[in-house]
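Written below as structure tokens is the structure these notes are about.
The sequence lines fix the lettering, A, B, ..., with proteins before strands; numbering per chain opens at 1.
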Amino acid sequence: MSDDQPTDLPKHYSAADAEAKWYARWEAAGCFNSDVDKNRLPYTIVIPPPNVTGKLHMGHALNNTLQDILIRVERMRGKNALWQPGTDHAGIATQNVVERQLRQDGFHREDIGREKFIEKVWQWKEQYGSTIISQLKKLGSSCDWRRERFTMDDGLARAVRVAFVRLYRDGLIYRGRKLINWCPKDRTALADDEVDKIEEAGHLWYLRYPVKNPKRADRQYLVVATTRPETMLGDAAVAVNPADERYQDLIGQTVVLPLTGREIPVIGDAFVEMKFGSGCVKITPAHDLADYECGLRHQLEQIVVIGEDGLMTDKAGKFRGLDRFRCREKIVAELDEKHLLDKTEDLTHSVGHCYRCGTAIEPYLSEQWFVSMKPLAEKAIAASQAGEVKFYPARWEKVYLNWLTEVRDWCISRQIWWGHRLPVWYCEKCGETHVAETAPAECAKCGAAALRQETDVLDTWFSSALWPFSTLGWPDDTEDLRYYYPTDALVTDRGIIYFWVARMVMLGLQFMKEVPFKSVYIHGSILDENGAKMSKSKGNGIDPLVMIDGGTQTRFGKEVTFPAYGADVVRYTLCALTTEGQDIKLQPTKFDHARNFVNKVWNVSRFVMLSLADKTLTTAPVEVSQCGFADRWILSRLQAVVEQANAAFDRLAFSEFSTTLYDFIWRDFCDWYVEMVKPAFREATPESTNSARVLLYTLDRILRLLHPITPFFTEEVWSRLRELAPSRGLTDSLPAGEFLMKEKWTQPVAEWRDEELEISITEVQDLVRAVRNIRAKYRAPDDKPVELHISAAEGNAKFVDRMANFLAIIRARANVGEIFVGVDLLKPKVAATEVLAGAQIFVPLAGLLDVETERKRAEKELEKKKKSLYSLNQKLHNFEFLTNAPPAIVATEKERAADLEQQVKNLQAWRDGLQ
RNA sequence: GGACGAUUAGCGCAGUCGGUUAGCGCGUCUGCCUUACAAGCAGAAGGUCAUUGGUUCAAGUCCAAUAUCGUCCACCA
């Protein structure tokens, strides 16, 4: 057979070709596209826009796999599914990347100027910015790429300006001089949540401040404790708790600031912890948030001693120009020399670091722009409390609410170049501030034409906050916006609940008067095998692209080579590991499980195709009730599984969704159904005509169900199967479509469910397993069928009747020759025994049986059964149980007890009969 | 200092309303290259559900405390 023959599937599925092929075909055929269609319900997800600088990591892979599964299922369910893609300009991150590149050529951004630099960033974006997009495609993401947006494109830039102007006019944006988080390396302000607090080993220095004109002889100086001695140069006071009896006499006195000779007051303020340090706190309003607030309360001078470059300012006197950390050393040394260093203690404390470059943050007093958060937050709180936004898992709502309740005003201005420049102009002549969507021609106040635009740009998250509606055309009232907004689900990591989720809700409510999404699914984070976060510096990451394509990667300092697992395997693995927002400890070997599974489905598809190849497939309606037991059974199981899988999906239980399908496909379909119908196919019995249809039908449904998780290989199988079997269905006959991804999702057919049959087959399976167990135990030769006696318990004639239907199956599946089945059969002389619920089996094994082995088996089983019978009887003799437990429970427990009793009896007889 | 999460077989994890003998994958052991699949098939071993107490007829599941690990928040300088 040649390669084109549909029945000639290679033994192993090779992902690389199929993935490139199908993605291109889907895209060319417009399978990902969604357009407004008022006759259909929309289902919308906006992608968390990855940074343009980004490379796909496992977190992205997980995040986008889950979104794609949601989108693909809803699309197959008939919804008009839109997955809105795009990227984020990522202000500081991108600026840093381009600056680094510039430095390699020996330039600083100041050398080429703002205009040129921005041009360079755009060039960089055009050249490398699509990396992450092509990687998302490799993963199989079915985004509508025609709609791809960028947070700096013209439309979104306009949205940003409109949003800014409206917020300003509503009094929700203001400018002010405040203490903000400053990154001395990036030389920009940062928002509170852009600061990572890191526990660091530091020191607590106890400094002596001489008291001026001490009233008491033992008060020559007071001692303040500080972790940042260099800020003493900017001290404006020393504070003590007014309730602190040790220091009450000091309040109102003056101390002399060492090294400067400046005189500062001692004040009383309740914020001072008496128990910490010495109980005296130096107050540096310009360099510490708590001190800043204290300073405002007491109208203290704000002395800036550290500049925007992290160097000491003129106000630092002789320390001017010194790096802040160098200055710290010098000051400590000098104080020590002057006997003004009381003592030094070790202290671990948390220090803020820039989330982009890792530099220690400096609280810095400067003129910035802020969003007034309280009014916006109130609405966002109300919306989630009213259930308009639902969190999965629900506990994240509390985290979200906490933040919103305590939120401080949002510093949105950044002193970098790459980003949306504030739509603010200042009059050069009169200084008037103009906030407008476009540059005003002249000053509205004094008429001067000389206007200068604000140089600050906006926080990246400002444009991200508009993403769910700006991508759909806002501020225009577009068809898209009316149809797709609010979106359905937002899938993201807990790391950006504050940065992004909360702000989208706030601005969505502000501008659209409606929440931006109905549900927020927070999935876990990907960790390495030791439970540590994956990061470049630790070298513990697993590159999803290496997992897809294969190749080498450095892990824990070693070069490791990985096989090409393919996108489906990566997707399945991530889906299967996603349980209720739990973090995922990932290790490369975890992909083997899914690889084996994909291979299994691939191979069973081969089997189906080989089996159907030499058959003429009928298209006449199949009467399911006329089908054989195996056929009816697998159809019944299929209905149960479809129901279960749908339920799991609707609860966003991704792991359960995939494992439900896994169990059905591997255990029910491959291990049992296929094996049960094989003989009929081999012998081409009349039944095999129906079985062929059922086999095809079930595989067809399996492919549909699996497609959202593993789109590529299922599509490949689908196309090959389609050539062989162009029409599908049992009671009807429908042509198989060109693309599996556009086929209908599967709904359960209630009439095909046959629970009684399922129970019977379970009994058959137990019986077969018991025989196999005996065969294995005694090494019965494979090629020799054994004799089997099935002895139902006394009075259980029904069991005998049931089993009579399945003797052929038992014979084939357990390699059994002659079967005797009846009630209370006599045990043959030399036979191995196994006790089951409702029956006992005997397998005569002359010459193989070993009394000792048999006795051990019997004893062990007996022990187990006796134990459960004992605890069960305890329960049944408990009056409280009988009166309090629901009657149905009591009834089943009684049945169980009766059955166990019978089993114990059988086991005892078995053991006693051995000799 | 507060909030949240985790603790179940050697390892990684499921376990919904509290109700049969606590499941799955990897690994281990035994036997099989059986015409879809050795990335496979068949069988087996392996668990005091972190600890203590409580609620209940009944607890892996609910409540409280403790321990260990982890995450987030917070102005102890």
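OP1 or OP2 of B:U35 has not a single side-chain nitrogen or oxygen of A:Lys678 nearer than 4.0 Å. Checking the phosphate oxygens (OP1, OP2) of B:A44, a side-chain nitrogen or oxygen of A:Asn773 falls inside 4.0 Å. Using a 4.0 Å cut-off, some side-chain N or O of A:Lys860 falls inside it from OP1 or OP2 of B:A45. A close approach under 4.0 Å does occur between a side-chain nitrogen or oxygen of A:Thr579 and OP1 or OP2 of B:A14. Side-chain N/O atoms of A:Lys777 include none lying less than 4.0 angstrom from OP1 or OP2 on B:A44. OP1 and OP2 of B:A36 both lie 4.0 Å or more from every side-chain N or O belonging to A:Trp666.
Remark: A:Arg720 engages A:Glu716 in a salt bridge, criterion side-chain N to carboxylate O under 4.0 Å. Under a 4.0 Å N-O distance rule, the pair A:Arg395/A:Glu580 does not qualify as a salt bridge. A salt bridge is defined here as a Lys NZ or Arg NE, NH1 or NH2 lying under 4.0 Å from an Asp or Glu carboxylate O, and A:Asp288 with A:Lys282 fails to meet this definition. Between A:Glu273 and A:Lys275 no salt bridge is recorded (no basic side-chain N to carboxylate O distance below 4.0 Å).
With the nearest nucleotide of RNA chain B identified for both A:Tyr13 and A:Lys533, A:Tyr13 has the one nearer the 5' end.
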Derivation and outcome, salt bridge (charged side-chain N to carboxylate O under 4.0 Å, His left out), residues A:Glu863 and A:Lys860: CA-CA 5 Å; A:Glu863 205 53 44; A:Lys860 195 180 161 195; over 6 Å; no
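Neither side chain, A:Tyr13 nor A:Asn603, offers a donor N or O lying under 3.5 Å from an acceptor on the other.
Going from the C1' atom of B:U34 to that of B:A42 covers 10 Å, rounded to whole Å. The C1' atoms of B:C29 and B:C72 are separated by 45 Å, rounded to the nearest whole Å. When the C1' atom is used for both B:C69 and B:C76, the distance is 26 Å, rounded to whole Å. Between B:A67 and B:A59, the two P atoms lie 26 Å apart (nearest whole Å). Spacing between B:U71 and B:U28 at atom C1', rounded to whole Å, works out to 35 Å. With both ends at atom P, the span from B:U51 to B:U68 equals 16 Å, rounded to whole Å. Comparing B:A14 with B:U7, their P atoms sit 7 Å apart, to the nearest whole Å. B:A22 and B:C13: their C1' atoms are spaced 14 Å apart (whole Å).
The structure places CG of A:Leu610 at 9.5 Å from CG of A:Leu724, a figure rounded to the nearest 0.5 Å.
The A:Asn596 side chain lies nearest to B:A39 when the options are B:A39, B:C72, B:C73. The side chain of A:Tyr662 approaches B:G25 more closely than any other nucleotide in the set B:A39, B:G25, B:A42. Of the listed nucleotides (B:A36, B:C37, B:A74), B:A74 has the atom at the smallest distance from the side chain of A:Glu199. When distances are taken from the side chain of A:Lys600 to each of B:G43, B:C37, B:G19, the shortest belongs to B:C37. The side chain of A:Asp782 approaches B:C32 more closely than any other nucleotide in the set B:C37, B:A42, B:C32. Nearest nucleotide to the A:Asn603 side chain, out of B:G25, B:A39, B:A36: B:A36.
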Letter per nucleotide, 5' to 3', of nucleotides 1-10 of chain B [B base touched, S only sugar-phosphate touched, - untouched; heavy atoms, 4.0 Å]: --SSSS----
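Listed by chain and number, the residues in a side-chain hydrogen bond (donor to acceptor under 3.5 Å, both in side chains) with A:Trp403 amount to none (sequence neighbours excluded). Checked against side-chain hydrogen bond (donor to acceptor under 3.5 Å, both in side chains), A:Lys875 has the following partners two or more places apart in sequence or in another chain: A:Glu893. Contacts of A:Asn878 classified as side-chain hydrogen bond (donor to acceptor under 3.5 Å, both in side chains), with partners at least two apart in sequence or in another chain: none.
Within the 4.0 angstrom heavy-atom criterion, no nucleotide atom of any strand lies near A:Tyr206. A:Cys294 comes within contact range of no nucleotide atom at all, as no heavy-atom separation falls under 4.0 Å. Here A:Arg682 lies out of heavy-atom contact (under 4.0 Å) with every strand. A:Arg779 comes within 4.0 angstrom of the backbone, heavy atoms only, and of no base. No engagement by A:Ser655 is indicated, since no non-hydrogen atom pair under 4.0 Å with the nucleic acid exists. Residue A:Arg813 is classed as having no contact, given no heavy-atom separation below 4.0 Å to the nucleic acid. Residue contacts shown for A:Glu675 include a base, since a base heavy atom lies under 4.0 Å away. When heavy atoms are screened at a 4.0 angstrom cut-off, A:Arg772 is found touching the sugar-phosphate backbone but no base atom.
Between A:Lys875 atom NZ and B:U56 atom C1' there is a gap of 13 Å when expressed in whole angstrom units. Between A:Phe607 atom CZ and B:G40 atom P there is a gap of 18 Å when expressed in whole angstrom units. Distance, A:His523 NE2 to B:U71 C1': 15 Å, rounded to whole Å.
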Intra- and inter-strand pairs of RNA chain B in dot-bracket (Watson-Crick or G-U wobble, both distances under 3.5 Å; | for another strand): (((((((..((((.....[...)))).(((((.......))))).....(((((..]....))))))))))))....
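Heavy-atom contacts from other residues, nucleotides or ligands closer than 6.0 Å to CD of A:Glu199 number more than 12.
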Shorter than 3.5 Å, N or O on both sides, protein versus nucleotides 75-77 of chain B: list them out with atom names.
unit_1 : atom_1 : unit_2   : atom_2 : d
B:C75  : OP1    : A:Arg408 : NH1    : 3.2
B:A77  : O2'    : A:Ala225 : O      : 3.3
B:A77  : N6     : A:Glu273 : O      : 2.6
B:A77  : N6     : A:Phe276 : O      : 3.2
B:A77  : N1     : A:Glu273 : N      : 3.1

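Checked options A:Phe597, A:Phe713, A:Tyr565, A:Phe591; the residue passing with A:Tyr572 is A:Phe597 (criterion: ring pair (Phe, Tyr, Trp, His ring centres under 6.0 Å)).
For the pair A:Lys678 and A:Phe607, the distance from NZ or CZ to the six-membered ring centre is under 6.0 Å and the angle to the ring normal is within 45 degrees.
Base orientation for B:C17: syn, the chi torsion being within 90° of 0.
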